[in-house]
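What follows is one structure encoded as structure tokens, with my remarks underneath.
Residue numbers start at 1 and run along the sequence shown. Since this is a predicted model, take the numbers as computed values, not measurements.
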Amino acid sequence: MNKKMRIALGQMQELTHETMTFAKQLGVTSIQLNTPNLPGEYGWSYEDLFALKKTCDDNGLILESIENVPIRFYDKIMLGLPGKDEQIENYCTIIRHMGNVGIPVLGHHFMPNFVWRTSTEPGRGGALCTAFDLDAAASGINQVKYASNRESRVPDESVMWDNYAYFLKAVLPAAEQSGVRLALHPDDPPVAMLDGTARIFYKVENFKKAEAIANSDAWGLNLCLGCCSEMVYGAANVMEMIRYFGPRNKICYVHFRDVQGTMPKFQECFLGEGNFHPAEVLRELKRSGFTGFLMDDHVPNVIQDTAWGHRARAHAVGYMQGLMNALELLDH
């Protein structure tokens, strides 16, 4: 296992010759996939996961993590609905397949209505950046969502905590036995209630509570710096999360992105113009003992870019590479 902090290219749903070549041209050998396009209505097969891993291996790339299964695989778990136990068994099967294949991290969130934005705003040089305004979300004006499940709502935060504890108790034994770590992503936006459903991972102390519930080396964080920066107090949350969870070896990997502003209103931006200082954050990650991977996440929509954001992702990866090279030089 690689024990040195490194950079991955991510947020892809499939491995193609073009994306793998792009990664290698950027000097990146680690790959993350987000909700890969695999067949299966209720789960993923060993054969399909093996094929993903083999494709990376054959191309000199390391498949570091899969982030997220389709919401339909575990919406009943999150909402505490009938059928949750069948979904849990299917989820455990995916974990076991990943362990057998050799994919070490499965990222998850606990947002039944997923990621929300309320508008797209001009950023630096006219680049388009997603934004969130709690007042607009409450009124339903210009509502833009990546995904939503509105069939059932859970307005009670304590019920959501019970649902998450039930999930962890059921799936962590499979993760421990399979050598797979389950990496929790913060809520985005970090708000206690959205569209009638409570959220639980919107403030720092709640991650500490989740760690205590898990009580397992198989549980950790997909530390999205952007989500932490969106929280009230902004950059202070980012540093607190790193300083608390880093030395405890609870940060599996990092989404390296930032925003301008904090709840109840923020806008995404390029690295280096947001709430935190990227070099300071990277230095703190290293000091904390973090040895996982950093990766691109949400990026602004720059001129003549692709839907996935090749140009903007190249900028983000290059920015991180420069910071890491400078940090290594200063440490010698």
Original post:
How far apart are the C-alpha atoms of Asp75 and Phe73, what are their side-chain angles, what is the distance that settles it, and do they pass the side chain to side chain contact (heavy atoms under 4.5 Å, CB included) test?
Top reply: CA-CA 6 Å; Asp75 54 350; Phe73 285 11; over 6 Å; no

**OP:** Give the intermediate values and the outcome of side chain to side chain contact (heavy atoms under 4.5 Å, CB included) for residues Trp44 and Ile66.
**Re:** CA-CA 12 Å; Trp44 293 326; Ile66 290 178; 3.9 Å; yes

Subject >> Chi angles and distances behind the side chain to side chain contact (heavy atoms under 4.5 Å, CB included) call for Leu327, Lys286 >> reply: CA-CA 9 Å; Leu327 184 61; Lys286 187 168 185 179; 3.6 Å; yes

Original post:
Are Met241 and Leu223 close enough, and set up right, to give a side chain to side chain contact (heavy atoms under 4.5 Å, CB included), and what steps lead you there?
Top reply: CA-CA 8 Å; Met241 292 287 282; Leu223 184 59; 3.8 Å; yes

**OP:** Walk me through it: do Asp156 and Ser158 pass the test side chain to side chain donor-acceptor pair (under 3.5 Å)?
**Re:** CA-CA 5 Å; Asp156 189 331; Ser158 66; 2.6 Å; yes

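Here Asp305 does not pair with Arg311 in a salt bridge; the nearest charged N to carboxylate O distance is not below 4.0 Å. Ion pairing of Lys203 with Glu240 is absent here, as no side-chain N (NZ or NE/NH1/NH2) approaches a carboxylate O to less than 4.0 Å. In summary, Glu89 and Arg96 engage in a salt bridge, as defined by a charged side-chain N under 4.0 Å from a carboxylate O. Checked for salt-bridge contact, Arg199 and Glu157 miss the test: no charged N lies under 4.0 Å from a carboxylate O. Salt bridge annotation for Asp188-Arg117: present, with a cationic side-chain nitrogen under 4.0 angstrom from a carboxylate oxygen.
Enclosure of atom OH in Tyr233 is not indicated, since only 12 or fewer non-hydrogen atoms of other residues, nucleotides or ligands lie within 6.0 angstrom. In this structure, Phe50 places its CZ atom where only 12 or fewer heavy-atom neighbours from other residues, nucleotides or ligands lie under 6.0 Å away. By the neighbour-count criterion of 12 heavy atoms within 6.0 Å, atom NZ of Lys265 is sparsely surrounded, having that number or fewer from other residues, nucleotides or ligands. Residue-environment remark: NZ (Lys24) exceeds the threshold of 12 foreign heavy atoms within 6.0 Å.
With values rounded to the nearest 0.5 angstrom, Leu294 atom CG is found 8.0 Å from Leu225 atom CG. Note: Arg153 CZ to Leu194 CG = 10.0 Å, rounded to the nearest 0.5 Å. Between atom CD of residue Glu211 and atom NZ of residue Lys209 there is a gap of 14.0 Å, rounded to the nearest 0.5 Å. Here the straight-line distance linking atom CG of Leu9 with atom CG of Leu33 works out to 10.0 Å at 0.5 Å rounding. Taken from CD in Glu121 to SG in Cys269, the straight-line distance is 13.5 Å, to the nearest 0.5 Å. Rounding to the nearest 0.5 Å places OG1 of Thr93 at 12.0 Å from CD1 of Ile88.
No hydrogens or angles considered: a donor-acceptor pair under 3.5 Å links the side chains of Asn68 and Asn34. Asp48 and Ser45 are linked by a side-chain donor-acceptor pair at a separation below 3.5 angstrom, with hydrogens and angles left out of the test. A donor-acceptor contact closer than 3.5 angstrom is absent between the side chains of Glu230 and Asn275. Side-chain contact check for Gln32 and Ser65: no donor-acceptor pair (N or O, by modelled atom type) lies under 3.5 Å. Side-chain contact, Gln11 with Asp296: no donor N or O sits under 3.5 Å from an acceptor N or O.
Using a 4.5 Å heavy-atom threshold, the side chains of Ile213 and Trp161 count as touching. The side-chain heavy atoms of Leu49 and Met98, taken from C-beta on, include a pair separated by under 4.5 Å. Counting heavy atoms from C-beta outward, Arg181 and Lys250 have side chains that approach closer than 4.5 Å. In this structure, the side chains of Tyr253 and Glu64 stay at 4.5 Å or more apart for every pair of heavy atoms. Within the 4.5 Å cutoff, the side chain of Asp195 has no heavy atoms near those of the Thr197 side chain. In this structure, the side chains of Leu38 and Leu52 come closer than 4.5 Å at one or more pairs of heavy atoms. Looking only at side-chain heavy atoms (C-beta outward), Met295 and Phe256 stay at 4.5 Å or farther from each other. Val238 places none of its side-chain heavy atoms less than 4.5 Å from the side chain of Glu284.
Under the 3.5 Å distance criterion, the side-chain polar atoms of Thr19 are left unmatched by any main-chain donor or acceptor of Leu15. Side chain of Glu273 to backbone of Phe270: a donor-acceptor contact under 3.5 angstrom is found. With hydrogens and angles ignored, the 3.5 Å screen pairs no side-chain donor or acceptor of Asn59 with any backbone N or O of Leu61. With Gln321 contributing its side chain and Leu26 its backbone, the two residues share a donor-acceptor pair below 3.5 Å.
Hydrophobic clustering (ILVMFWY, side-chain heavy atoms < 4.5 Å, transitive): Val69 and Tyr42 are in distinct clusters. Residues Tyr166 and Leu81 share a single hydrophobic cluster, defined by chaining ILVMFWY side chains whose heavy atoms lie under 4.5 Å apart. Cluster membership for Leu128 and Phe132, using ILVMFWY side-chain heavy atoms within less than 4.5 angstrom, is not shared. When hydrophobic clusters are built by joining Ile, Leu, Val, Met, Phe, Trp and Tyr residues whose side-chain heavy atoms come closer than 4.5 Å, directly or via intermediates, Val259 is not grouped with Val302. Residues Val232 and Tyr202 do not share a hydrophobic cluster, defined by chaining ILVMFWY side chains whose heavy atoms lie under 4.5 Å apart.
Minimum heavy-atom separation, Arg313 to Gly10: NH1-O, 4.0 Å. Looking at every heavy atom in both residues, Ala127 comes nearest to Pro300 through CB-CB, 4.1 Å. Nearest heavy atom pair, residue Ala218 against residue Glu176, reads CB-CG, 3.8 Å. The shortest non-hydrogen separation linking Val115 to Met111 is CG2-CE, 4.1 Å. When every heavy atom of Met263 is checked against every heavy atom of Pro189, the shortest pair comes out as SD-CB, 4.2 Å. Across all their heavy atoms, Phe207 and Pro186 have their closest contact at CZ-CB, 3.6 Å.
Applying ring-ring contact (aromatic ring centres under 6.0 Å, His included) to His108 and the options Phe201, Phe167, Tyr74 leaves one that passes, Phe167. Partner of Ser229 under the side chain to side chain donor-acceptor pair (under 3.5 Å) criterion, chosen from Asn237, Asp258, Thr262: Asp258.
Remark: aromatic rings of His185 and His255 are close, center separation under 6.0 Å.
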What side-chain donor-acceptor pairs closer than 3.5 Å can you find for residues 276-283, not counting sequence neighbours?
unit_1 : atom_1 : unit_2 : atom_2 : d
His277 : ND1    : Ala279 : N      : 3.2

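The aromatic rings of Phe110 and Tyr164 stand perpendicular to each other, their planes meeting at an angle above 60°, with 30° marking the opposite boundary.
Under the 6.0 Å distance and 45° angle rule, Arg6 does not count as a cation-pi partner of Phe293.
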